[in-house]
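First the structure, in the form of C-alpha coordinates, and then the observations on it.
Values below: all heavy atoms of this structure, side chains included; hydrogens, waters and symmetry mates excluded.
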Amino acid sequence: MTTPDRIRLALVDDHKMLLGALTEWIRNAASDIEMVAAVPSWPELTVHPQFPVDVVLLDLDLKDNIPISLKISTLKTMGVKVVLMSTYSEPNVVREALAAGALGYLVKSEDADMIVEAIRAAAKGEPFVSAELDLALSAGEVGGAPKLSAQERRVMALYGGGEPVKAVAYQLSISEETAKSYLKRIREKYRVAGFDVGTKVALRKRAIEDGILLEGDIPRQF
(Lines give C-alpha, C1' and ligand atoms only; values in the text may rest on other atoms or scores of the structure.)
Protein backbone atom coordinates (compact mmCIF):
# COMPACT_ATOMS: atom_id res chain seq x y z
CA MET A 1 0.00 0.00 0.00
CA THR A 2 2.87 2.39 0.73
CA THR A 3 4.76 3.80 -2.22
CA PRO A 4 8.52 4.04 -1.64
CA ASP A 5 9.43 6.96 0.63
CA ARG A 6 5.98 8.55 0.23
CA ILE A 7 3.05 8.63 2.64
CA ARG A 8 -0.32 8.28 0.92
CA LEU A 9 -2.65 10.72 2.66
CA ALA A 10 -6.38 11.33 2.62
CA LEU A 11 -7.93 14.46 4.11
CA VAL A 12 -11.54 14.60 5.33
CA ASP A 13 -13.04 17.93 6.42
CA ASP A 14 -16.49 19.39 5.78
CA HIS A 15 -15.12 22.96 5.67
CA LYS A 16 -14.33 23.16 1.96
CA MET A 17 -12.19 26.29 2.27
CA LEU A 18 -9.97 24.59 4.87
CA LEU A 19 -9.96 21.41 2.78
CA GLY A 20 -8.62 23.30 -0.23
CA ALA A 21 -6.10 25.34 1.75
CA LEU A 22 -4.69 22.31 3.59
CA THR A 23 -4.49 20.27 0.41
CA GLU A 24 -2.50 23.00 -1.32
CA TRP A 25 -0.27 23.63 1.68
CA ILE A 26 0.62 19.97 2.28
CA ARG A 27 1.34 19.41 -1.41
CA ASN A 28 3.76 22.34 -1.42
CA ALA A 29 5.32 21.73 2.00
CA ALA A 30 6.05 18.01 2.08
CA SER A 31 7.49 16.08 -0.86
CA ASP A 32 7.31 12.83 1.13
CA ILE A 33 3.51 13.08 1.48
CA GLU A 34 1.26 12.29 -1.48
CA MET A 35 -2.23 13.77 -1.12
CA VAL A 36 -4.37 11.19 -2.91
CA ALA A 37 -7.83 12.19 -1.63
CA ALA A 38 -9.42 15.33 -0.18
CA VAL A 39 -13.13 14.88 0.51
CA PRO A 40 -15.77 16.61 2.66
CA SER A 41 -17.51 13.53 4.08
CA TRP A 42 -16.90 10.07 5.56
CA PRO A 43 -18.87 8.15 2.86
CA GLU A 44 -16.85 9.87 0.13
CA LEU A 45 -13.65 8.66 1.79
CA THR A 46 -14.75 5.02 2.00
CA VAL A 47 -15.76 4.85 -1.69
CA HIS A 48 -12.80 6.84 -3.02
CA PRO A 49 -10.82 4.85 -5.64
CA GLN A 50 -7.53 5.56 -3.80
CA PHE A 51 -8.85 4.22 -0.47
CA PRO A 52 -7.41 2.69 1.70
CA VAL A 53 -4.44 5.00 2.21
CA ASP A 54 -1.57 5.11 4.72
CA VAL A 55 -2.82 7.99 6.88
CA VAL A 56 -6.16 9.80 7.15
CA LEU A 57 -6.29 13.34 8.50
CA LEU A 58 -9.86 13.36 9.81
CA ASP A 59 -12.05 16.16 11.13
CA LEU A 60 -13.43 15.03 14.51
CA ASP A 61 -16.87 16.57 14.01
CA LEU A 62 -18.21 15.98 10.51
CA LYS A 63 -21.83 16.35 11.78
CA ASP A 64 -22.84 13.01 10.26
CA ASN A 65 -23.93 11.20 13.46
CA ILE A 66 -21.38 8.44 12.88
CA PRO A 67 -19.42 7.87 16.13
CA ILE A 68 -15.77 8.80 15.82
CA SER A 69 -14.84 5.53 17.57
CA LEU A 70 -16.53 3.59 14.74
CA LYS A 71 -14.65 5.58 12.10
CA ILE A 72 -11.32 5.00 13.87
CA SER A 73 -11.94 1.28 14.36
CA THR A 74 -12.96 0.92 10.69
CA LEU A 75 -9.74 2.60 9.56
CA LYS A 76 -7.60 0.58 11.98
CA THR A 77 -9.10 -2.66 10.65
CA MET A 78 -7.93 -1.64 7.19
CA GLY A 79 -4.42 -0.78 8.41
CA VAL A 80 -4.95 2.98 8.06
CA LYS A 81 -3.41 5.34 10.64
CA VAL A 82 -5.60 8.17 11.94
CA VAL A 83 -4.76 11.77 12.88
CA LEU A 84 -7.74 13.77 14.15
CA MET A 85 -8.29 17.52 13.80
CA SER A 86 -10.69 19.57 15.88
CA THR A 87 -11.53 23.18 16.70
CA TYR A 88 -11.84 22.31 20.39
CA SER A 89 -9.54 20.72 22.90
CA GLU A 90 -11.51 19.12 25.75
CA PRO A 91 -9.08 16.69 27.45
CA ASN A 92 -11.81 14.06 27.86
CA VAL A 93 -12.58 14.15 24.13
CA VAL A 94 -8.89 13.79 23.34
CA ARG A 95 -8.44 10.86 25.73
CA GLU A 96 -11.49 9.11 24.26
CA ALA A 97 -10.19 9.54 20.70
CA LEU A 98 -6.70 8.30 21.59
CA ALA A 99 -8.19 5.37 23.51
CA ALA A 100 -10.21 4.48 20.40
CA GLY A 101 -6.96 4.19 18.44
CA ALA A 102 -6.20 7.59 16.91
CA LEU A 103 -2.44 8.17 16.73
CA GLY A 104 -2.60 11.95 16.50
CA TYR A 105 -4.82 14.80 17.65
CA LEU A 106 -4.40 18.40 16.50
CA VAL A 107 -6.21 21.61 17.27
CA LYS A 108 -6.92 23.49 14.02
CA SER A 109 -5.15 26.55 15.42
CA GLU A 110 -1.87 24.58 15.53
CA ASP A 111 1.06 25.64 13.33
CA ALA A 112 0.81 24.12 9.87
CA ASP A 113 4.28 22.56 10.26
CA MET A 114 2.93 20.46 13.12
CA ILE A 115 0.29 18.92 10.84
CA VAL A 116 3.01 17.52 8.59
CA GLU A 117 4.95 16.24 11.61
CA ALA A 118 1.79 14.55 12.95
CA ILE A 119 1.24 12.81 9.61
CA ARG A 120 4.84 11.61 9.50
CA ALA A 121 4.67 10.38 13.10
CA ALA A 122 1.43 8.48 12.44
CA ALA A 123 2.91 6.82 9.36
CA LYS A 124 5.65 5.43 11.65
CA GLY A 125 3.08 4.35 14.24
CA GLU A 126 4.15 7.06 16.68
CA PRO A 127 1.65 9.15 18.68
CA PHE A 128 1.48 12.91 18.17
CA VAL A 129 -0.72 15.26 20.16
CA SER A 130 -1.00 19.01 19.66
CA ALA A 131 1.18 20.95 22.10
CA GLU A 132 -1.86 22.79 23.45
CA LEU A 133 -3.70 19.51 24.09
CA ASP A 134 -0.65 17.76 25.45
CA LEU A 135 -0.33 20.44 28.13
CA ALA A 136 -4.00 20.11 29.02
CA LEU A 137 -3.70 16.33 29.28
CA SER A 138 -0.62 16.47 31.51
CA ALA A 139 -1.64 19.49 33.61
CA GLY A 140 -2.36 17.30 36.60
CA GLU A 141 1.02 15.60 36.53
CA VAL A 142 3.09 18.40 38.08
CA GLY A 143 6.15 17.07 39.90
CA GLY A 144 7.08 14.28 37.48
CA ALA A 145 8.94 14.35 34.19
CA PRO A 146 6.56 15.32 31.36
CA LYS A 147 5.67 12.81 28.67
CA LEU A 148 7.59 13.59 25.50
CA SER A 149 6.92 12.17 22.06
CA ALA A 150 9.65 10.15 20.35
CA GLN A 151 10.52 13.11 18.11
CA GLU A 152 10.63 15.50 21.08
CA ARG A 153 13.05 13.12 22.83
CA ARG A 154 15.26 13.06 19.73
CA VAL A 155 15.29 16.87 19.57
CA MET A 156 16.04 17.16 23.28
CA ALA A 157 18.86 14.59 23.06
CA LEU A 158 20.54 16.27 20.09
CA TYR A 159 20.11 19.84 21.33
CA GLY A 160 21.03 18.93 24.90
CA GLY A 161 24.03 17.06 23.53
CA GLY A 162 25.41 20.30 22.14
CA GLU A 163 24.05 20.46 18.59
CA PRO A 164 22.81 23.85 17.35
CA VAL A 165 19.19 24.06 16.20
CA LYS A 166 20.23 24.04 12.53
CA ALA A 167 22.13 20.75 13.00
CA VAL A 168 19.22 19.22 14.94
CA ALA A 169 16.89 20.09 12.07
CA TYR A 170 19.30 18.65 9.48
CA GLN A 171 19.81 15.37 11.34
CA LEU A 172 16.06 14.83 11.82
CA SER A 173 15.13 15.97 8.28
CA ILE A 174 12.84 18.74 9.55
CA SER A 175 12.87 22.49 9.00
CA GLU A 176 14.71 24.79 11.40
CA GLU A 177 11.37 26.39 12.33
CA THR A 178 9.92 22.97 13.17
CA ALA A 179 12.94 22.17 15.35
CA LYS A 180 12.41 25.46 17.19
CA SER A 181 8.71 24.58 17.63
CA TYR A 182 9.72 21.27 19.20
CA LEU A 183 12.08 23.01 21.62
CA LYS A 184 9.29 25.41 22.55
CA ARG A 185 6.94 22.48 23.18
CA ILE A 186 9.57 20.69 25.29
CA ARG A 187 10.27 23.76 27.42
CA GLU A 188 6.56 24.42 27.93
CA LYS A 189 5.90 20.82 28.98
CA TYR A 190 8.71 21.01 31.54
CA ARG A 191 7.47 24.38 32.76
CA VAL A 192 4.00 22.93 33.38
CA ALA A 193 5.61 19.99 35.20
CA GLY A 194 7.47 22.44 37.45
CA PHE A 195 10.93 22.46 35.84
CA ASP A 196 12.70 25.43 34.25
CA VAL A 197 14.71 24.37 31.19
CA GLY A 198 14.83 27.82 29.60
CA THR A 199 18.59 27.68 29.02
CA LYS A 200 20.52 25.10 27.04
CA VAL A 201 22.52 24.16 30.15
CA ALA A 202 19.34 23.56 32.16
CA LEU A 203 17.81 21.56 29.33
CA ARG A 204 20.93 19.39 29.02
CA LYS A 205 20.97 18.75 32.78
CA ARG A 206 17.29 17.75 32.71
CA ALA A 207 17.85 15.50 29.68
CA ILE A 208 20.56 13.62 31.58
CA GLU A 209 18.47 13.36 34.76
CA ASP A 210 15.48 12.00 32.80
CA GLY A 211 17.59 9.46 30.88
CA ILE A 212 17.11 11.12 27.50
CA LEU A 213 20.79 12.00 27.18
CA LEU A 214 23.75 9.98 28.48
CA GLU A 215 26.71 11.60 30.20
CA GLY A 216 29.44 12.51 27.71
CA ASP A 217 27.39 14.38 25.13
CA ILE A 218 26.33 11.22 23.29
CA PRO A 219 22.64 11.37 22.41
CA ARG A 220 20.62 8.20 22.99
CA GLN A 221 19.35 6.27 20.00
CA PHE A 222 15.61 5.82 19.67
Side-chain angles (χ1 to χ4, degrees), residues 2 7-15 18 22 26 33 42 45-46 51-156 174 178 181-182 184-193 210 212 222:
T2 305
I7 301 163
R8 297 177 68 251
L9 175 73
L11 174 60
V12 188
D13 196 301
D14 58 357
H15 293 86
L18 179 63
L22 262 180
I26 290 171
I33 298 173
W42 173 255
L45 172 70
T46 58
F51 186 78
V53 294
D54 299 321
V55 179
V56 169
L57 190 58
L58 178 65
D59 186 5
L60 176 68
D61 186 13
L62 290 172
K63 303 175 184 65
D64 54 13
N65 296 317
I66 303 171
I68 191 64
S69 56
L70 178 60
K71 293 172 183 171
I72 293 170
S73 63
T74 300
L75 292 169
K76 279 185 68 181
T77 300
M78 304 183 82
V80 179
K81 309 293 198 315
V82 186
V83 176
L84 293 176
M85 296 183 296
S86 176
T87 53
Y88 45 89
S89 55
E90 288 294 325
N92 288 342
V93 175
V94 183
R95 289 190 182 97
E96 185 180 337
L98 296 177
L103 275 171
Y105 196 116
L106 298 160
V107 176
K108 289 183 180 179
S109 58
E110 190 76 25
D111 289 344
D113 278 357
M114 290 294 121
I115 296 173
V116 169
E117 289 305 308
I119 293 165
R120 288 172 176 154
K124 297 176 189 172
E126 296 178 357
F128 189 103
V129 177
S130 161
E132 179 184 332
L133 292 174
D134 223 345
L135 293 172
L137 290 172
S138 62
E141 300 171 8
V142 175
K147 185 178 179 182
L148 302 181
S149 70
Q151 188 78 322
E152 285 166 351
R153 289 173 66 87
R154 294 182 191 112
V155 169
M156 190 171 181
I174 58 178
T178 300
S181 294
Y182 273 114
K184 185 178 177 182
R185 284 163 63 98
I186 291 164
R187 286 184 163 124
E188 185 63 11
K189 284 185 181 183
Y190 272 100
R191 185 192 66 75
V192 170
D210 290 344
I212 294 169
F222 300 102

I'd like to know whether K81 forms a side chain to side chain contact (heavy atoms under 4.5 Å, CB included) with I119, so could you lay out the CA-CA distance, the side-chain angles of the two residues, the decisive distance to 0.1 Å, and finally the verdict.
CA-CA 9 Å; K81 309 293 198 315; I119 293 165; over 6 Å; no
Please confirm whether the backbone N or O of M114 pairs with a side-chain atom of E117, one donor and one acceptor, at under 3.5 Å?
no
Using every non-hydrogen atom in the two residues, find where V56 and V53 come nearest and quote the distance to one decimal.
CG2-CG2, 3.7 Å
Write down the atom of L60, the atom of S86, and the distance for their closest heavy-atom approach.
CD2-OG, 3.8 Å
Note, L84 side chain near I68 side chain (heavy atom, < 4.5 Å)
yes
In sequence, state the C-alpha distance, the side-chain angles, and the governing distance for T74 and W42, and then conclude on side chain to side chain contact (heavy atoms under 4.5 Å, CB included).
CA-CA 11 Å; T74 300; W42 173 255; 4.2 Å; yes
Whether the side chain of T178 engages the backbone of I174 through a donor-acceptor N/O pair (distance < 3.5 Å, no angle test) should be reported.
no
Spacing of I212 atom CD1 and E152 atom CD [to the nearest 0.5 Å]:
9.5 Å
What are the two closest non-hydrogen atoms of V83 and A118, and how far apart are they?
CG2-O, 3.8 Å
Distance from L75 atom CG to T46 atom OG1, nearest 0.5 Å?
9.5 Å
State plainly whether the residues D64 and K71 are in salt-bridge range, i.e. N to O under 4.0 Å.
yes
Evaluate the criterion side chain to side chain contact (heavy atoms under 4.5 Å, CB included) for residue pair Y190 and M156; output intermediate values, then yes/no.
CA-CA 12 Å; Y190 272 100; M156 190 171 181; 3.5 Å; yes
Apply salt bridge (charged side-chain N to carboxylate O under 4.0 Å, His left out) to R187 and list each qualifying residue two or more places apart in sequence or on a separate chain.
none
Which pair of heavy atoms, one from L106 and one from F128, lies closest together, and at what distance?
CD2-CE2, 3.8 Å
Side chains of F51 and M78: does their closest heavy-atom pair fall under 4.5 Å?
yes
Given 3.5 Å as the limit, does a donor-acceptor pair link the side chain of D61 with the main chain of K63, or not?
yes
Quick check for you: to the nearest 0.5 Å, what is the distance between I186 atom CD1 and S181 atom OG?
10.5 Å
For the student: nearest non-hydrogen atoms of L148 and R153, plus distance
CB-CG, 3.8 Å
Between L9 and L57, is there a side-chain heavy-atom distance shorter than 4.5 Å?
yes
About how many Å separate OG of S69 and NZ of K76, when rounded to the nearest 0.5 Å?
11.5 Å
Any side-chain heavy atom of D59 sitting closer than 4.5 Å to one from L11?
no
Where do L62 and D13 come nearest, in terms of heavy atoms and distance?
CD2-CA, 4.1 Å
Under 4.0 Å between a Lys/Arg side-chain N and an Asp/Glu carboxylate O for E126 and R120?
no
